[in-house]
Chemist: 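Got a structure for you, questions after.
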Amino acid sequence: MHIPDGFLPATVCAAGYVAAAPVTWYSIHKINQKENPREGVPKASLLTAAFFVVSWIHIPVPPTSVHLVLNGLLGAVLGYFAFPAILIGLFFQAVMFQHGGLTTLGVNSIIMGLPAVVSYYIFRLRNILKKDSQIVTGIFGFLAGFVGLGLSVVMFVVILLNFIPASFDIETERAAIYTLALAHLPLMVIEGAFTSLVTVFLQRVRPKLLDDA
Amino acid sequence: MHMKWKIITCLIFVLILGLGLPIKALAHGAKIEYTVNMAIELVATYDNGEPMAGAQVVVYAPDDPSTPWLTGVCDDDGRFTFIPDTSRPGTWVVQVRQAGHGDMVHIPVGQDMVATSGVGGFGVLQIVLMSACVIWGFVGTALYFSRRRA
């Protein structure tokens, strides 16, 4: 899911940064509008740590394997903190492990961060129904995790398909991209279930942590 | 006269013998030519150690980084071998790609090239230690912002 350095044209990398900048600004703007912006930092920091390390957890989906992303969970629990959290997490992943890259940081943050914001709004829909119901929280938690990753996969695939370098065999690469996208279907269910479990658990033990949503 | 013909016959025989022996020797000769070619073997794996089987490989020569010098595919073990043109010294670039994932490696090649190996990425212990440091940074941040104000 992380596009490395050298895999996209410079214009696309620049466009990624151009797109990420206003989203980051808007997220910080919304955070600053809170009564106490510092209040959300501890959980954002801890979930950034989870996001940073979770990419090492590989789930075999023959013929390939995929890794957890958790962008839907971050969106559901963190709200507007999710985008900067993912940006920071991606930065550390790129610098420390070469997961992704610094030139593609903007693109990757859009691929994973923007769906996280969408997940936040999906999870907020539970407020229309019974907010305190664990079943409702569980369902919308699942949808947040499922859709968050699903949108990321769609964006990842669309970007890659449109920018396959001519030096590579386009048909082979296209087939490999489709295979990888299909392998993410079970992962979407897993992330949905995980997000559902975490949100229901938080609602039971510390409902205040879900106040943002 | 008789003596003269004897001498001439003898000279012809020696001449044939002299020419014939080297021809016979050349027919049994062997020739070995050699050039030293330093083959480069790549092994491409994913982070979890899984080989990048069937991944596409593109090799770029140092003097033309925009035109592929060689293209190929990794085998089932993620291996790919090629012999660079040592008359084009410099840093050769090899890109391995599969489904938008992969890496790029820079390999120095020169006339006085010696066998070397390079490993990208980190060992397990390094990864654990680096992860622990970063996680501690995030936990520390969380603790700092969650402290009670005096």
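Chain A is the first sequence line, chain B the second, and so forth, proteins listed ahead of strands; every chain is numbered from 1. Worth knowing before you read on, the calculation uses all heavy atoms, side chains too, and leaves out hydrogens, waters and symmetry mates.
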Chemist: Quick one: do the A:R124 and A:Y120 side chains pair a donor with an acceptor below 3.5 Å?
Modeler: yes

Chemist: Below 4.5 Å, heavy-atom pairs only: which of B:M104, B:E50, B:Q98, B:Q95 has the largest tally toward chain A?
Modeler: B:Q95

Chemist: Top residue by heavy-atom pair count (under 4.5 Å) with chain B, among A:L160, A:V41, A:T179, A:L47?
Modeler: A:V41

Chemist: Of the listed residues (B:V58, B:I135, B:V57), which shares the most heavy-atom pairs with chain A below a 4.5 Å separation?
Modeler: B:V58

Chemist: Using non-hydrogen atoms only, which part of A:F163 is less than 4.5 Å away from chain B: side chain, backbone, both, or neither?
Modeler: backbone

Chemist: For A:F194, I'd like to know if atom CZ has over 12 heavy atoms of other residues, nucleotides or ligands within 6.0 Å.
Modeler: no

Chemist: Sort out for me which of A:S45, A:A175, A:P4, A:A176 touches chain B most, counting heavy-atom pairs under 4.5 Å.
Modeler: A:S45

Chemist: Go through the atoms of B:Y60 and report whether side chain, backbone, both or neither lie under 4.5 Å from a heavy atom of chain A.
Modeler: side chain

Chemist: For residues A:G150 and A:M188, report the shortest heavy-atom separation together with the two atoms involved.
Modeler: CA-CE, 3.6 Å

Chemist: Which bit of B:I127 comes within less than 4.5 Å of chain A, counting heavy atoms only: side chain, backbone, both or neither?
Modeler: both

Chemist: As an exercise: rank B:A53, B:G54, B:P68, B:G100 by heavy-atom pairs under 4.5 Å with chain A and give me the winner.
Modeler: B:G100

Chemist: Tell me whether A:S65 contacts the main-chain N or O of A:V61 through its side chain, where contact means a donor paired with an acceptor under 3.5 Å.
Modeler: no

Chemist: Answer with side chain, backbone, both or neither: which region of A:I164 has an atom nearer than 4.5 Å to a non-hydrogen atom of chain B?
Modeler: both

Chemist: Ring pair (Phe, Tyr, Trp, His ring centres under 6.0 Å) with A:F97: which of A:F91, A:F92, A:W56?
Modeler: A:W56

Chemist: Sub-3.5 Å donor-acceptor pair from the side chain of A:K43 to the main-chain atoms of A:V77, do we have one?
Modeler: yes

Chemist: Which region of A:S55, side chain (C-beta onward) or backbone (N, CA, C, O), has a non-hydrogen atom less than 4.5 Å from a non-hydrogen atom of chain B, or is it both or neither?
Modeler: neither

Chemist: Does any N or O in the side chain of A:T104 come within less than 3.5 Å of the main-chain N or O of A:G101, such that one atom is a donor and the other an acceptor?
Modeler: yes

Chemist: Between A:F7 and chain B, which part of the residue has a heavy atom less than 4.5 Å away: side chain, backbone, both or neither?
Modeler: both

Chemist: With only heavy atoms counted, which part of B:T71 is less than 4.5 Å from chain A, the side chain, the backbone, both or neither?
Modeler: side chain

Chemist: Judged by modelled atom types alone, do A:S119 and A:N71 share a side-chain donor-acceptor pair under 3.5 Å?
Modeler: no

Chemist: Out of A:Y178, A:F168, A:F156, which one racks up the most heavy-atom pairs below 4.5 Å with chain B?
Modeler: A:F168

Chemist: Is the ring centre of A:H67 less than 6.0 Å from the ring centre of A:H184?
Modeler: no

Chemist: Quick check on A:F52 against chain B: is it the side chain, the backbone, both or neither that has a heavy atom closer than 4.5 Å?
Modeler: side chain

